[in-house]
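Residues take their numbers from the sequence shown, with the count starting at 1.
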Amino acid sequence: MAVTTNRVVKLIFTTAGGKTFSITIPDPREDLDKAQAEAVMDTIIEKNVFLTSSGELIGKRDIKVVGTTTNDFYDPPQV
């Protein structure tokens with residue numbers, strides 16, 4: 001049994017086809033701020049790094065830092 005905590009940062013973009021595209025990055029720095037995340041998104045858009053099924057990334061839609069805590073109550077016996 002263990003309690004684990006995970007954090008990810010989700011960068012959500014708009015595409016040329018009018019859809020959204022998300023990039024999830026595990027274990028972001030604790031001191032990550034909005035300006036740094038936006039700068040990364042701007043670079044990804046500017047360099048045209050990703051091509052999705054609904055076209056290239058053309059804008060920033062959202063930035064989220066998501067934390068989850070898992071409390072594992074049961075570990076199966078080892079045989």
Side-chain angles (χ1 to χ4, degrees):
M1 291 195 277
V3 175
T4 56
T5 302
N6 296 312
R7 283 177 31 132
V8 298
V9 62
K10 249 184 143 160
L11 307 176
I12 305 168
F13 299 85
T14 53
T15 68
K19 302 211 181 226
T20 60
F21 177 78
S22 299
I23 299 172
T24 302
I25 303 167
D27 303 318
R29 293 188 341 228
E30 289 293 327
D31 63 344
L32 177 69
D33 65 23
K34 178 183 175 221
Q36 293 168 333
E38 283 192 272
V40 168
M41 292 180 83
D42 289 336
T43 300
I44 290 170
I45 293 167
E46 176 186 316
K47 301 286 185 184
N48 200 20
V49 179
F50 296 99
L51 179 62
T52 72
S53 60
S54 62
E56 63 187 46
L57 306 180
I58 60 169
K60 296 176 285 199
R61 171 79 185 250
D62 202 0
I63 303 167
K64 295 180 181 189
V65 176
V66 179
T68 59
T69 300
T70 304
N71 191 351
D72 185 3
F73 284 139
Y74 179 77
D75 289 328
Q78 301 295 318
V79 266

message: Just verifying a value: how many Å separate Ile63 CD1 and Lys34 NZ, rounded to the nearest 0.5 Å?
response: 7.0 Å
task: For the pair Ile23 and Ile44, evaluate side chain to side chain contact (heavy atoms under 4.5 Å, CB included) and give the outcome as yes or no after the intermediate values.
output: CA-CA 11 Å; Ile23 299 172; Ile44 290 170; 4.1 Å; yes
query: For atom CZ of Arg61, is the number of surrounding heavy atoms from other residues, nucleotides or ligands below 6.0 Å larger than 12?
result: no
query: Between Val9 and Val66, is there a shared hydrophobic cluster once you connect ILVMFWY residues whose side-chain heavy atoms come closer than 4.5 Å?
result: no
task: Using modelled atom types only, decide if a donor and an acceptor are shared between the side chain of Glu38 and the backbone of Ala35 within a distance under 3.5 Å.
output: no
task: Indicate, with yes or no, if Phe50 and Val40 share a hydrophobic cluster defined by side-chain heavy-atom contacts under 4.5 Å among Ile, Leu, Val, Met, Phe, Trp and Tyr.
output: yes
- prompt: Same hydrophobic cluster for Val65 and Ile12, using side-chain heavy-atom links shorter than 4.5 Å among ILVMFWY?
  reply: no
task: Enter the distance from Phe21:CZ to Ile58:CD1 here, rounded to the nearest 0.5 Å.
output: 14.0 Å
- prompt: How far does CD1 of Ile45 sit from CD of Glu56, to the nearest 0.5 angstrom?
  reply: 10.0 Å
field: Interatomic distance, Thr68 atom OG1 to Arg7 atom CZ [nearest 0.5 angstrom]
entry: 11.0 Å
task: Output, in order, the C-alpha distance, side-chain angles, deciding distance and verdict of salt bridge (Lys or Arg N to Asp or Glu O under 4.0 Å) for Lys60 and Asp42.
output: CA-CA 8 Å; Lys60 296 176 285 199; Asp42 289 336; 2.9 Å; yes
statement: Between Leu57 and Thr52, the two heavy atoms sitting closest are CD2-CG2, 3.9 Å
field: Common cluster, Leu11/Val49, ILVMFWY with side-chain heavy-atom separation under 4.5 Å
entry: yes
field: Atom pair CG/CG of Leu32 and Asp27 - distance to nearest 0.5 Å
entry: 12.5 Å
task: Can you measure from OG1 (Thr4) to CG (Asn71) and round to the nearest 0.5 angstrom?
output: 8.5 Å
